[in-house]
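Given the structure is predicted, the values throughout are model-derived calculations rather than measurements.
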Amino acid sequence: MKKLIALVSVISLMNIMVYSDVIKKTRSEVSFKKFGTYNTLRTENITPLKTRTDKNDSFKGKGFFGKTAAKLFFKKGKFSQIVDLQVMKNYLLNHKKKRCTITPIRKLDFSEDQSSGSEGQGNEGETEEAEESDIKITKNEFKVTNTGEKKVINQFPARKYIVSWIIEWESTETDAKGSSKLESIVWTTPVSGTIQKAQAVELKFFQNYMNKLGMKGNKLSEDILGTSWMNIFSSLSKTSNMQRSENADKFSKEMKKIKGYPVLTDGKYFSRSEGGEKEEEGKKKSLKSIFGKLKKKAFKKKKKEGEEDLPKFTFYTEVLELSSAKLGDDTFDYPAEYKVKERK
């Protein structure tokens, strides 16, 4: 058994050593309906155990909430992030302020969060019980279509796919019902040569990172479906916690139809709902439920003609350059003159 463990360790080490490192340049844009547009140009330096992302961000807010978010959350300018899985640390660099903030990367303990979340809350030992969902999924349709269309994108020969995800739901307690729809146009390039090496390195780092966090994930689906951006709307979507669990086998089977490395993704997310909510008599109002209602009222405005057909948000990502390289340790260093703040 000891020999087998040692052999596995050697093979794992060799797998990491044979990878070439990757330099990837991309352009991304995410536009939120009535909220604003976020743009970023980024250069990623990727190894199986480290990444450095240098990016130039901008956000143009719309309306009161968008402009407030632009000031508080979406910072403009040049920033860098270094993720080092060898020392389990995350480095955030603010180049304008010449500051480096170091935070630890910790494995997520979901059981501990659930068990400890109720401690110290409520009055005289009272705890807020998790509410069961009253939402019933009436339709969950996920489909990938190979259009056969081809063209060259930034010197990459590419093939076009269309990804469609439609979910319809209804409440078992009220007359509320609605739907969500995700549409993505995906262009992929054949996996060979540099692309093959790049994909292997990206996947290896992603797997290492998810393992360190104690999670599982699919990088291809996250890139193509924009699920990281969908999480922003999770509190507004009644089906957000159910979408991935429904028909998981079919989801995986359809995603396997996409061949190649994504070089351009152009997606749109739509969401509709109608009907009222029935208030339970004497129901305890939590801070979370009150905040949720205020948030919905803030976003709920009288719709103009044709506005219902507009997406809640759109996301666009384009690979500008992709190359193999041998990255030295200095790539993942921060300037010595930067002021360092380390968080525990």
Side-chain angles (χ1 to χ4, degrees), residues 22-33 35-46 51-60 73-76 78-81 83 142 144-147 149-165 181-191 194-203 205-206 209-210 217-234 243-244 254-255 257-270 310-323:
V22 174
I23 299 177
K24 179 179 179 180
K25 295 183 180 180
T26 59
R27 177 176 72 87
S28 300
E29 178 179 297
V30 180
S31 182
F32 304 92
K33 180 181 176 183
F35 190 70
T37 300
Y38 171 78
N39 287 280
T40 182
L41 287 171
R42 64 176 63 200
T43 299
E44 298 174 79
N45 297 272
I46 310 168
T51 64
R52 176 181 177 132
T53 303
D54 299 304
K55 55 182 183 175
N56 191 348
D57 295 341
S58 65
F59 180 80
K60 187 175 181 180
F73 304 109
F74 294 93
K75 305 299 183 182
K76 297 180 180 179
K78 296 181 179 180
F79 303 89
S80 296
Q81 179 179 19
V83 179
F142 183 80
V144 174
T145 303
N146 181 350
T147 68
E149 294 182 51
K150 297 180 180 180
K151 70 176 181 179
V152 176
I153 299 175
N154 296 327
Q155 299 182 345
F156 299 108
R159 178 187 295 271
K160 181 181 178 181
Y161 294 86
I162 296 178
V163 181
S164 176
W165 194 358
K181 182 179 181 181
L182 179 65
E183 293 180 344
S184 289
I185 294 175
V186 183
W187 292 88
T188 68
T189 193
V191 178
T194 300
I195 301 296
Q196 188 173 22
K197 293 178 181 178
Q199 186 180 49
V201 175
E202 283 190 279
L203 181 59
F205 175 81
F206 183 78
Y209 186 62
M210 297 300 281
N218 187 319
K219 189 177 189 309
L220 179 64
S221 65
E222 292 190 7
D223 288 345
I224 290 174
L225 299 176
T227 50
S228 56
W229 291 109
M230 286 176 68
N231 289 336
I232 295 176
F233 285 89
S234 62
Q243 290 176 346
R244 188 62 64 88
E254 287 293 306
M255 285 298 293
K257 291 181 180 180
I258 300 177
K259 306 297 182 182
Y261 183 92
V263 292
L264 190 152
T265 301
D266 189 358
K268 297 178 176 63
Y269 178 73
F270 303 83
L310 297 176
K312 286 277 187 180
F313 73 94
T314 63
F315 54 96
Y316 178 94
T317 301
E318 176 184 5
V319 177
L320 303 176
E321 296 180 29
L322 193 64
S323 60

Going from [atom1] on [X] to [atom2] on [Y], what distance comes out if it is rounded to the nearest 0.5 angstrom?
X: Asn56; Y: Phe79; atom1: CG; atom2: CZ; value: 9.0 Å
X: Thr317; Y: Leu264; atom1: OG1; atom2: CG; value: 8.0 Å
X: Glu202; Y: Lys24; atom1: CD; atom2: NZ; value: 3.5 Å
X: Thr51; Y: Gln81; atom1: OG1; atom2: CD; value: 6.5 Å
X: Thr145; Y: Ile258; atom1: OG1; atom2: CD1; value: 10.0 Å
X: Leu182; Y: Trp165; atom1: CG; atom2: CH2; value: 7.5 Å

Within the 4.5 Å heavy-atom criterion, are [X] and [Y] side-chain neighbours or not?
X: Ser80; Y: Arg52; answer: yes
X: Lys257; Y: Asn146; answer: no
X: Thr40; Y: Tyr38; answer: yes

For the residue pair Tyr269 and Phe313, does the interplanar ring angle fall in the parallel (under 30°), tilted (30 to 60°) or perpendicular (over 60°) class?
tilted
Which pair of non-hydrogen atoms, one from [X] and one from [Y], has the smallest distance, and what is that distance?
X: Asp54; Y: Asn45; value: OD2-ND2, 4.1 Å
X: Pro157; Y: Pro190; value: O-CD, 3.3 Å
X: Val22; Y: Ala198; value: CG2-CA, 3.3 Å
X: Gln199; Y: Val191; value: OE1-CG1, 3.4 Å
X: Lys268; Y: Pro311; value: CB-CB, 4.1 Å
X: Glu44; Y: Thr26; value: OE2-OG1, 4.3 Å

Is [X] reaching over with its side chain to a backbone N or O of [Y], donor-acceptor style, under 3.5 angstrom?
X: Glu29; Y: Tyr316; value: no
X: Thr188; Y: Lys259; value: yes
X: Thr189; Y: Tyr261; value: no
X: Ser184; Y: Val163; value: no

Short N-O contact, Lys151 and Glu149, less than 4.0 angstrom:
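Salt bridge between Lys151 and Glu149, a charged N being under 4.0 Å from a carboxylate O: no.
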Please name the residue in the list Thr43, Leu41, Leu322, Val319 that meets the side-chain contact (heavy atoms from CB on, under 4.5 Å) test with Lys25.
Thr43
Non-neighbouring partners of Thr314 that pass side-chain hydrogen bond (donor to acceptor under 3.5 Å, both in side chains), sequence neighbours left out:
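Partners of Thr314 under the side-chain hydrogen bond (donor to acceptor under 3.5 Å, both in side chains) test: none.
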What pairs with Asn154 under side-chain hydrogen bond (donor to acceptor under 3.5 Å, both in side chains), at least two apart in sequence or on another chain?
Glu318
Step by step, would you call Phe205 with Val83 a side chain to side chain contact (heavy atoms under 4.5 Å, CB included)?
CA-CA 10 Å; Phe205 175 81; Val83 179; 3.9 Å; yes
Could you please spell out the steps behind the side chain to side chain contact (heavy atoms under 4.5 Å, CB included) verdict for Ile23 and Glu321?
CA-CA 8 Å; Ile23 299 177; Glu321 296 180 29; over 6 Å; no
